[in-house]
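Structure first, then comments.
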Amino acid sequence: MPASAPQGDGIAPIRKGFVTVEGCRLHYTRQGEGPAVVMLHASPCSAKVMAPLQAVWGREFTTFAFDLPGFGLSQAPADGEITIERLADLVAAGMRAIGIGQAALYGRHTGASVCLELAIRHPGLASMLLTDGLPIFSAPYTEERLAQYLPPIEPRWDGGHLTWTFFRYREQHMFWPWDAGDLAHRADADLPDLDFLHRGMLELLEASTTYARTYRAAFLHRALPRIDAVRVPAYWGNRPGDSQFKTIPLYPDGAPVHVMSRDPDMALEEELGLLRRHPAGGDVPPYRSQFSSGTLPAALCDYIETRHGPVRAWGEGLDRPGTPLIYLHDLPGSYDLHAAEIEILAQSRPVLAFDLAGNAESPADGSPGQDIWLAQMQDVLDILGWPLVEIHAHGTSAALALGFAQRHPGRVSGLALRSPPLLTAEERVLFGKRYAPDIEPGEDGGYLLRLWHHLRDQELWYPWFDRGHAARRTNEPRIDPAWLTRRAIALLKQPGHYAGIWRDVLRHDVMTMLAASPVPVAVSFEPEDLFSPTAGRMEQR
């Protein structure tokens with residue numbers, strides 16, 4: 001065991017970050033202390049699949065799990081073909097940007113191919129190579145077969161693409177390949193649990209426009225002829241039940257093939273034993289958010305640590321003069337859904353938006369709600385060193401903006417509320433009971449259609465659960481399937497908090513809070529917003 005390994009059974013905190021290399025923003029998850037281990041996932045998921053390994057290996061190593069370009073939160077190259085070699089170069093550049101001088105390399109399936117090329121093309125960055133199911137094919141896939149295996153995921157008006165994606169991901173754990181549903185291709189493995197399937201479905205859906213470009217690279221790469229070019233210690237791991245287990249006889253004589261346990265917990269301990277043999281040298285740079293690095297660039301995407309956990313944040317126009325503006329997204333939701341508006345606001349001043357706890361990419365510390373979000377807002381301003389800000393709140397975040405101004409009137413120059421929910425006491429009670437459907441994952445995938453048609457009906461009736469003639473909305477509905485898919489993705493990232501967040505935001509009397517605001521407030525309404533039907537109540541103030 002490395003001397004620097006932390007003792008005890010405590011789990012090290014998870015840190016996340018972004019680096020930009022060759023015009024692509026790469027996302028990674030970091031956990032632990034000790035020599036560096038770089039971990040690359042299989043397709044079509046993201047680095048989140050590495051979390052169980054990071055929690056254990058992080059007791060002895062500093063683990064860095066990257067989202068491969070085109071998956072998770074990592075951007076795919078805008079132009080040109082994506083090859084395994086190109087992915088390896090991008091990850092190598094990402095390692096150098098973080099300051100990782102050397103690391104043990106660990107990869108699964110597509111990630112294993114990338115680690116193989118990374119070790120060959122950038123040997124100075126690798127202390128060793130460990131693969132789990134290196135993709136080996138008797139012949140490269142034809143373009144016709146790739147088109148069959150990697151069909152486009154196109155949003156449909158009825159939400160059918162959501163359930164297709166769920167069962168497509170489920171199917172690949174039942175058959176290999178996933179589209180060969182017969183006994184000869186039945187997988188020798190347990191069906192993963194529901195949380196695993198939900199996560200994988202969502203990652204595939206999130207990567208729907210890019211997944212095929214990255215995934216196909218693994219099918220075209222010829223891994224076996226490249227094994228002899230590896231000049232660092234290498235171990236070729238395979239597990240019973242894995243689709244690549246049957247390829248073991250194809251490895252060259254004498255190749256260090258290791259058969260790992262079928263049990264995932266035992267396998268990760270066996271893999272850990274191999275990683276201990278060749279730990280990386282050199283120091284591992286300490287974690288530091290780019291938002292705490294002093295002078296900020298014009299645009300920045302990274303995480304900000306708060307007392308209630310990290311929040312994913314995006315700043316635009318950060319180098320501009322003027323009073324900074326904090327943008328609060330609709331709740332529940334994500335700043336991703338307001339990117340166009342944020343970019344317009346940032347043309348004249350610094351603007352910062354972040355996912356509040358329990359929403360999208362910001363984890364929740366307990367049950368998310370007003371008190372936690374208020375504390376996070378204060379922490380963000382303190383870390384950035386912004387003594388005075390203006391707050392722009394979209395929709396249901398109005399009460400949060402008003403609440404912050406009440407607590408910290410000296411830190412807020414003014415509020416801009418877009419389409420706040422001006423509800424009566426009776427409506428707050430009714431909406432609190434009926435507004436949010438249950439979107440907890442279920443094995444039949446029905447929760448996906450329940451969310452989809454809830455979001456669609458929000459655009460057609462007010463309130464959405466009153467589908468009578470008098471409740472029809474008269475604005476042009478925002479029911480473009482691509483737009484609804486973006487909303488669904490944001491909300492499905494933390495489905496367990498969806499109903500609770502709605503209950504929290506609907507319990508506040510925004511009308512009374514407006515009347516008591518200690519700072520100037522500007523209120524506007526846009527016809528397409530969810531609570532624009534309450535606009536006429538401004539006259540009652």
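- Across P285 and G99, no two heavy atoms sit closer than the pair CD-O, 3.3 Å.
- Side-chain N or O atoms of H27 include none that pairs as donor or acceptor with a backbone N or O of S74 at under 3.5 Å.
- Under the 4.5 Å side-chain criterion, counting only non-hydrogen atoms from C-beta, D379 is not in contact with I304.
- One N or O on the side chain of D355 and one on the backbone of Y335 form a donor-acceptor pair closer than 3.5 Å.
- Y141 and F219 have tilted rings, their planes meeting at an angle from 30° to 60° on a 0 to 90° scale.
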Extract all donor-acceptor atom pairs below 3.5 Å that involve side chains of residues 440-449 and protein atoms in other chains or at least two apart in sequence.
residue	atom	partner	partner atom	Å
D444	OD1	G446	N	2.9
Y447	OH	H198	ND1	2.7

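- In this structure, E203 does not pair ionically with K48, as no charged nitrogen and carboxylate oxygen lie closer than 4.0 Å.
- At a threshold of 4.5 Å between non-hydrogen side-chain atoms, the residues R199 and L197 do not count as touching.
- Using a cutoff of 4.0 Å between basic side-chain nitrogens and carboxylate oxygens, R59 and E33 are not scored as salt-bridged.
- Stacking of R170 on the aromatic ring of F167 is not recorded, the 6.0 Å distance cut-off and the 45° axial limit not both being met.
- Counted by atom type alone, Y235 and H278 present one or more donor-acceptor pairs between their side chains at under 3.5 Å.
- A salt bridge links R312 and D336; the closest N-O separation between the charged side-chain nitrogens and carboxylate oxygens is under 4.0 Å.
- In this structure, Q370 contributes its side chain and D504 its backbone to no donor-acceptor pair below 3.5 Å.
- Using bins of under 30°, 30° to 60° and over 60° for the plane-to-plane angle, the ring pair Y498/H454 lands in the perpendicular bin.
- Applying the side-chain contact (heavy atoms from CB on, under 4.5 Å) criterion to R25, with sequence neighbours excluded, gives F18, T20, Q75, C301.
- Formation of a donor-acceptor pair under 3.5 Å by the D190 side chain with backbone atoms of P192 is not found in this model.
- No hydrogens or angles considered: a donor-acceptor pair under 3.5 Å links the side chains of E117 and H221.
- In this structure, the side chain of T63 does not engage the main chain of R30 through any donor-acceptor pair within 3.5 Å.
- Remark: aromatic rings of F175 and H185 are distant, center separation not under 6.0 Å.
- Within 6.0 Å of the CG atom in D193, the count of heavy atoms belonging to other residues, nucleotides or ligands exceeds 12.
- Under the 3.5 Å distance criterion, the side-chain polar atoms of T131 are left unmatched by any main-chain donor or acceptor of G133.
- The side chain to side chain donor-acceptor pair (under 3.5 Å) test with D242 singles out one residue from H109, R108, R262, and that residue is H109.
- Taking the six-membered ring for Trp and the full ring otherwise, the centers of Y327 and W314 sit at least 6.0 Å from each other.
- Side chain of S243 to backbone of W176: no donor-acceptor contact under 3.5 angstrom is found.
- Looking at N238 and M260, their side chains never come closer than 4.5 Å, going by heavy atoms from C-beta outward.
- Checked against D132 for a side chain to side chain donor-acceptor pair (under 3.5 Å), the options Q244, R239, H258 give a single hit: R239.
- A donor-acceptor contact shorter than 3.5 Å is absent between the side chain of H308 and the backbone of W373.
- Ion pairing between E85 and R121 fails under the 4.0 Å rule for side-chain N and carboxylate O.
- We find that R86 and E81 are not joined by a salt bridge, their nearest charged nitrogen and carboxylate oxygen being 4.0 Å or further apart.
- For D283, the CG atom sits in a loose shell: 12 or fewer heavy atoms of surrounding residues, nucleotides or ligands are nearer than 6.0 Å.
- Using a distance-only test at 3.5 Å, with no hydrogens or angles considered, a donor-acceptor pair links the side chain of T306 to the main chain of G309.
- Classification of the Y435-W502 ring pair by plane angle, with boundaries at 30° and 60°, yields tilted.
- A distance-only check finds no donor-acceptor pair linking the side chain of H173 to the backbone of A187 [under 3.5 Å].
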Do L272 and F61 pass the side chain to side chain contact (heavy atoms under 4.5 Å, CB included) test, and can you show the C-alpha distance, the side-chain angles, and the key distance before you say yes or no?
-> CA-CA 10 Å; L272 177 59; F61 296 93; 3.6 Å; yes
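- Considering only heavy atoms from C-beta on, E361 comes within 4.5 Å of L73 through its side chain.
- Annotation: M174, atom CE; neighbour count of heavy atoms from other residues, nucleotides and ligands within 6.0 Å is above 12.
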How far apart are the C-alpha atoms of I153 and Y211, what are their side-chain angles, what is the distance that settles it, and do they pass the side chain to side chain contact (heavy atoms under 4.5 Å, CB included) test?
-> CA-CA 9 Å; I153 302 175; Y211 91 102; 4.0 Å; yes
